[in-house]
K.L.:
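Here you go, one structure.
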Amino acid sequence: MAETLHRSSDPRTVAAPAPPVGDRWRGAPLSIVARVCGATIRLAGSRPVVWRWAARLHHPLLDRLAAANARAVCALAARDVPAYRDFLRARPGGPRRRLGDFPETDKESYVVAYSAARRCRGGRLPARGVVVDESAGSSGRPFNWPRGERELRGVHQDIAGYTSLVFPMRRPFVINAYSMGAWATGTTTGTAMARIAVVKNTGPDLGKIVDTLREFGPDFDYLITAYPPFLKHLRDRLDAEGFAWSRYRISASCGGEGMTEALRGYLEERFQRVRSAYGASDLTIGIGAETRFTVWLRRRLRTDADLRTALLGADEQRLPMVFQYNPLTTYLETNRRRELLCTITSPGVLQPRLRYNVGDEALLVGYRRILELARADAERWAECRAALASEQMTMPVLLLFGRRDSTVSYLGANLYPQDVEYGLYTGNPYAAEISRFCLTLVEDAALETRPVIHIELRRPLPEADRDALAAACRDGVRRHLAQVSRDFAQSLTEDPTAGDLRVELHEPGGGPFAGQQKIKNVYLVG
């Protein structure tokens with residue numbers, strides 16, 4: 001097997017023998033299914049108005065069509081994609097298998113093992129019309145992801161359709177503050193938004209954004225696209241300059257990492273609305289997105305114990321991000337470990353991603369199931385109907401917990417960066433002084449291990465203000481952890497010193513933040 005993988009990953013290999021004639025004939029019914037679904041997808045995404053109409057009329061019967069389409073896409077890839085054919089051949093069942101019996105793929109077993117060309121349809125990378133994106137390298141190694149013209153066109157249509165539905169704007173002006181390098185999100189977002197708005201690609205440059213807002217004035221409806229922490233930097237910068245927020249209509253769309261409701265609440269003190277999208281460079285930047293309905297559901301899960309138990313389970317202490325998604329373009333499943341598997345079913349995908357495991361933990365819930373649970377309580381149902389009144393999307397729901405390993409274990413409790421963020425920003429009068437944070441475990445002289453929250457300050461502070469900020473952060477995080485983590489709360493009752501959370505403040509660019517040039521924040525450090 002190792003020898004086979006070595007030959008398959010030879011970058012000089014750009015083509016592969018065609019499948020036998022018999023396989024092509026057996027694939028005819030699958031091609032018909034894929035063509036019908038592909039035509040449906042292209043029609044639904046052809047115009048933003050059609051996209052909005054389709055998103056509001058999604059029916060559970062379409063989920064069955066999406067499942068059949070995903071199976072057909074896998075079967076056709078076994079015929080047309082050399083790397084996938086070899087991948088299946090090396091596993092029990094071989095390349096010819098039942099449609100519901102295709103194995104998972106991931107970076108190590110599939111992407112690393114085979115060259116970019118062999119992962120393309122026909123085993124060849126086209127000579128033109130291809131854009132190569134690069135993942136941010138948060139897993140330790142950047143990867144390249146070629147995308148063809150048809151694939152990118154579909155992504156642009158989805159982004160434009162969603163944006164026009166969730167951010168209705170009379171005179172739309174998009175300030176694209178994502179990085180403009182080789183990463184997929186920035187360049188793709190800018191091109192997609194140009195279909196529906198005036199766009200300025202500033203990148204993550206606070207000065208340029210401030211100048212743009214002042215130059216074009218308050219007559220536009222602004223949408224700023226950025227990573228969540230950058231939006232906080234922007235709010236704090238504009239506040240410090242005395243920006244006339246009340247004269248402007250500014251909303252924000254963010255992605256690339258999770259966002260807590262504490263941070264959303266802080267941002268929405270200035271922005272009209274803030275919505276997140278979920279994607280991955282490995283797959284596509286538009287897997288799922290927040291709506292007013294999903295924001296309501298997430299906030300309700302924080303306070304409604306019965307709803308939380310019914311959806312997440314009695315022992316689940318984390319609060320997931322909540323998105324709606326279109327299974328006709330990104331068919332989602334979960335495995336026994338609740339890891340998310342994604343099959344990109346759009347017909348124009350250059351490198352098919354097939355039951356791809358990106359490493360995120362998730363739950364999938366039907367739209368009608370949530371309505372059923374909402375109707376069980378009069379107050380809950382009234383809130384739900386109000387949340388549904390605007391966008392009215394009927395697509396299924398993705399409950400996303402994030403990477404399975406993004407925790408610090410302390411006294412039997414799992415501490416998540418998002419819970420720390422809640423504690424730092426909820427009701428903290430010094431929140432504007434926080435630039436970013438990270439979390440680590442440190443063993444002290446008494447051989448006791450304690451969590452340390454490192455905070456990078458936005459500017460130097462007097463000693464009294466530093467002490468007050470550290471105390472507010474420590475108390476806020478301890479209070480929030482005691483509320484959301486039964487393990488942590490139990491530790492406090494058994495040993496009050498368990499609440500000894502350390503907070504260390506650092507000047508801008510100091511401590512563990514020295515030399516960090518990544519656009520995305522790093523929340524766990526060794």
K.L.:
Is the backbone N or O of Leu354 less than 3.5 Å from a side-chain atom of Thr105, with the two atoms forming a donor-acceptor pair by type?
P.N.:
yes
K.L.:
Would you compute the distance between atom CG of Leu297 and atom SG of Cys384 and round it to the nearest 0.5 angstrom?
P.N.:
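One gets 8.0 Å once the value is rounded to the nearest 0.5 Å.
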K.L.:
Report yes if some heavy atom in the side chain of Lys208 is under 4.5 Å from a heavy atom in the side chain of Ile175; otherwise report no.
P.N.:
no
K.L.:
Going by heavy atoms in the side chains, are Leu363 and Glu316 under 4.5 Å from each other?
P.N.:
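Answer no - side chains too far apart.
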K.L.:
Would you call the rings of Phe230 and His233 parallel, tilted or perpendicular, where under 30° means parallel and over 60° means perpendicular?
P.N.:
perpendicular
K.L.:
With the threshold set at 4.0 Å, does a side-chain nitrogen-carboxylate oxygen contact exist between Glu433 and Arg459?
P.N.:
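Result for this pair is yes, salt bridge flagged.
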K.L.:
Ion pair present between Asp236 and Lys232, side-chain N to carboxylate O less than 4.0 angstrom?
P.N.:
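Counted as a salt bridge, because a side-chain N and a carboxylate O are separated by less than 4.0 Å.
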K.L.:
If every non-hydrogen atom of Thr334 is compared with every non-hydrogen atom of Ala362, which pair is closest and at what distance?
P.N.:
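That closest heavy-atom pairing would be CG2-O, 3.5 Å.
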K.L.:
On the 0 to 90° scale, with breaks at 30° and 60°, tag the Tyr266-Tyr425 ring pair as parallel, tilted or perpendicular.
P.N.:
parallel
K.L.:
Applying side chain to side chain contact (heavy atoms under 4.5 Å, CB included) to Leu469 and Asp465, what does each step give before you reach the verdict?
P.N.:
CA-CA 6 Å; Leu469 169 60; Asp465 290 343; over 6 Å; no
K.L.:
Run the numbers on Val210 and Arg237 for side chain to side chain contact (heavy atoms under 4.5 Å, CB included), then give the verdict.
P.N.:
CA-CA 9 Å; Val210 173; Arg237 168 73 175 267; 4.1 Å; yes
K.L.:
Examine distances only and state if a side-chain atom of Glu241 and a backbone atom of Leu238 form a donor-acceptor pair shorter than 3.5 Å.
P.N.:
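Answer holds: no.
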K.L.:
So, do Ile434 and Cys473 sit near enough that their side-chain heavy atoms are less than 4.5 Å apart?
P.N.:
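Side chain of Ile434 against side chain of Cys473, heavy atoms only: contact under 4.5 Å found.
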K.L.:
For Phe243 together with Tyr248, are the ring centres under 6.0 Å from each other?
P.N.:
yes
K.L.:
So that I can tick it off, tell me whether Arg300 and Glu383 are bridged by a salt bridge, with the cut-off set at under 4.0 angstrom between side-chain N and carboxylate O.
P.N.:
yes
K.L.:
Report the C-alpha distance between Arg466 and Glu507 in whole Å, list the side-chain angles of each, state the deciding distance to 0.1 Å, and finish with yes or no for salt bridge (Lys or Arg N to Asp or Glu O under 4.0 Å).
P.N.:
CA-CA 11 Å; Arg466 291 172 66 95; Glu507 299 301 316; 2.6 Å; yes
K.L.:
What verdict does the side chain to side chain contact (heavy atoms under 4.5 Å, CB included) test give for Ile285 and Ile159, after you've listed the backbone C-alpha separation in whole Å, the side-chain angles of each residue and the deciding distance to 0.1 Å?
P.N.:
CA-CA 9 Å; Ile285 70 171; Ile159 295 173; 3.4 Å; yes
K.L.:
Taking NZ, NE, NH1 and NH2 as the nitrogens, is one of them in Glu421 or Arg436 under 4.0 Å from a carboxylate oxygen of the other?
P.N.:
no
K.L.:
Got a donor-acceptor contact below 3.5 angstrom from the Glu151 side chain to the Leu350 backbone?
P.N.:
yes
K.L.:
Would you mind reporting whether Arg147 and Val155 have side-chain heavy atoms less than 4.5 Å apart?
P.N.:
no
K.L.:
Can you see which heavy atom on Tyr178 is nearest to which on Ser253, and at what distance?
P.N.:
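Where Tyr178 meets Ser253 most closely, the heavy atoms are OH-O, 3.9 Å.
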K.L.:
In terms of side-chain geometry, is the basic nitrogen of Asp211 or Arg214 positioned less than 4.0 Å from the acidic oxygen of its partner?
P.N.:
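Looking at Asp211 and Arg214, the cut-off is not met.
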K.L.:
What distance separates Thr202 OG1 from Asn176 CG, expressed to the nearest 0.5 Å?
P.N.:
7.0 Å
K.L.:
Determine yes or no for a side-chain-to-main-chain donor-acceptor pair under 3.5 angstrom, with Arg275 supplying the side chain and Ala289 the backbone.
P.N.:
no
K.L.:
Under the criterion side chain to side chain contact (heavy atoms under 4.5 Å, CB included), which of Leu340, Asp360, Val322 is the partner of Leu398?
P.N.:
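The side chain to side chain contact (heavy atoms under 4.5 Å, CB included) with Leu398 is passed solely by Leu340 among Leu340, Asp360, Val322.
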K.L.:
Hey, mind stepping through Leu439 and Tyr416 against side chain to side chain contact (heavy atoms under 4.5 Å, CB included) and telling me if it holds?
P.N.:
CA-CA 9 Å; Leu439 184 64; Tyr416 295 86; over 6 Å; no
K.L.:
Tell me, do Leu223 and Pro172 make a side-chain contact under 4.5 Å, heavy atoms counted?
P.N.:
no
K.L.:
Please report the closest heavy-atom contact between Val130 and Pro146, naming both atoms and the distance.
P.N.:
CG1-CB, 3.8 Å
K.L.:
Within a radius of less than 6.0 Å around NZ of Lys200, do more than 12 heavy atoms belonging to other residues, nucleotides or ligands occur?
P.N.:
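Yes, NZ of Lys200 has more than 12 neighbouring heavy atoms, counting only those of other groups under 6.0 Å.
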K.L.:
Given Gln351 and Trp145, is the side-chain hydrogen bond (donor to acceptor under 3.5 Å, both in side chains) satisfied, shown in steps?
P.N.:
CA-CA 8 Å; Gln351 288 184 334; Trp145 309 100; over 6 Å; no
K.L.:
Within the structure provided, determine whether Met393 and Tyr367 are in side-chain contact (heavy-atom separation under 4.5 Å).
P.N.:
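Not in contact.
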K.L.:
Keeping Thr260 on the side-chain end and Leu263 on the backbone end, is there a donor-acceptor pair under 3.5 Å?
P.N.:
yes
K.L.:
Under the 3.5 angstrom rule, does the side chain of Ser164 hit a backbone N or O of Gly161 as a donor-acceptor pair?
P.N.:
yes
K.L.:
So does Ile287 get a backbone contact from the side chain of Thr284, meaning a donor-acceptor N/O pair under 3.5 Å?
P.N.:
no
K.L.:
Between Arg153 and Glu149, is the salt bridge (Lys or Arg N to Asp or Glu O under 4.0 Å) condition met? List the steps.
P.N.:
CA-CA 6 Å; Arg153 190 158 55 244; Glu149 290 177 304; 5.9 Å; no
K.L.:
Taking ring-ring contact (aromatic ring centres under 6.0 Å, His included) as the test, write out the residues that go with His156, two or more places apart.
P.N.:
none
K.L.:
Strictly by modelled atom types, are Asp106 and Ser109 linked by a side-chain donor-acceptor pair under 3.5 Å?
P.N.:
yes
K.L.:
Is the backbone N or O of Arg171 less than 3.5 Å from a side-chain atom of Asp221, with the two atoms forming a donor-acceptor pair by type?
P.N.:
yes
K.L.:
Check Arg336 with Glu104, please: is the shortest side-chain N to carboxylate O separation under 4.0 Å?
P.N.:
no
K.L.:
Does Val503 offer a backbone N or O that forms a donor-acceptor pair with the side chain of Arg474 under 3.5 Å?
P.N.:
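Judged by distance alone, no pair lies under 3.5 Å.
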K.L.:
Considering only heavy atoms from C-beta outward, does the side chain of Arg249 approach that of Met169 to under 4.5 Å?
P.N.:
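SC-SC contact between Arg249 and Met169 ruled out.
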K.L.:
Give, for atom OH of Tyr422 and atom CD of Gln483, the distance between the pair rounded to the nearest 0.5 Å.
P.N.:
11.5 Å
K.L.:
Looking only at heavy atoms, which two atoms of Ala472 and Asn428 are closest? And how far apart?
P.N.:
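Answer, listing the atom of Ala472 first, then Asn428: CB-OD1, 3.6 Å.
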K.L.:
Could you tell me whether the side chain of Ile453 reaches within less than 4.5 Å of the side chain of Val477, counting heavy atoms only?
P.N.:
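Yes, side chains in contact.
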K.L.:
Could you work out, with ring-ring contact (aromatic ring centres under 6.0 Å, His included) as the rule, every residue matching Tyr278, not counting sequence neighbours?
P.N.:
Phe323
K.L.:
Using a strict 4.0 Å threshold on nitrogen-to-oxygen distance, state whether Arg292 and Glu391 make a salt bridge.
P.N.:
no
K.L.:
For Glu290, check salt bridge (charged side-chain N to carboxylate O under 4.0 Å, His left out) against everything at least two apart and list the hits.
P.N.:
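Salt bridge (charged side-chain N to carboxylate O under 4.0 Å, His left out) list for Glu290, sorted by chain: Arg264.
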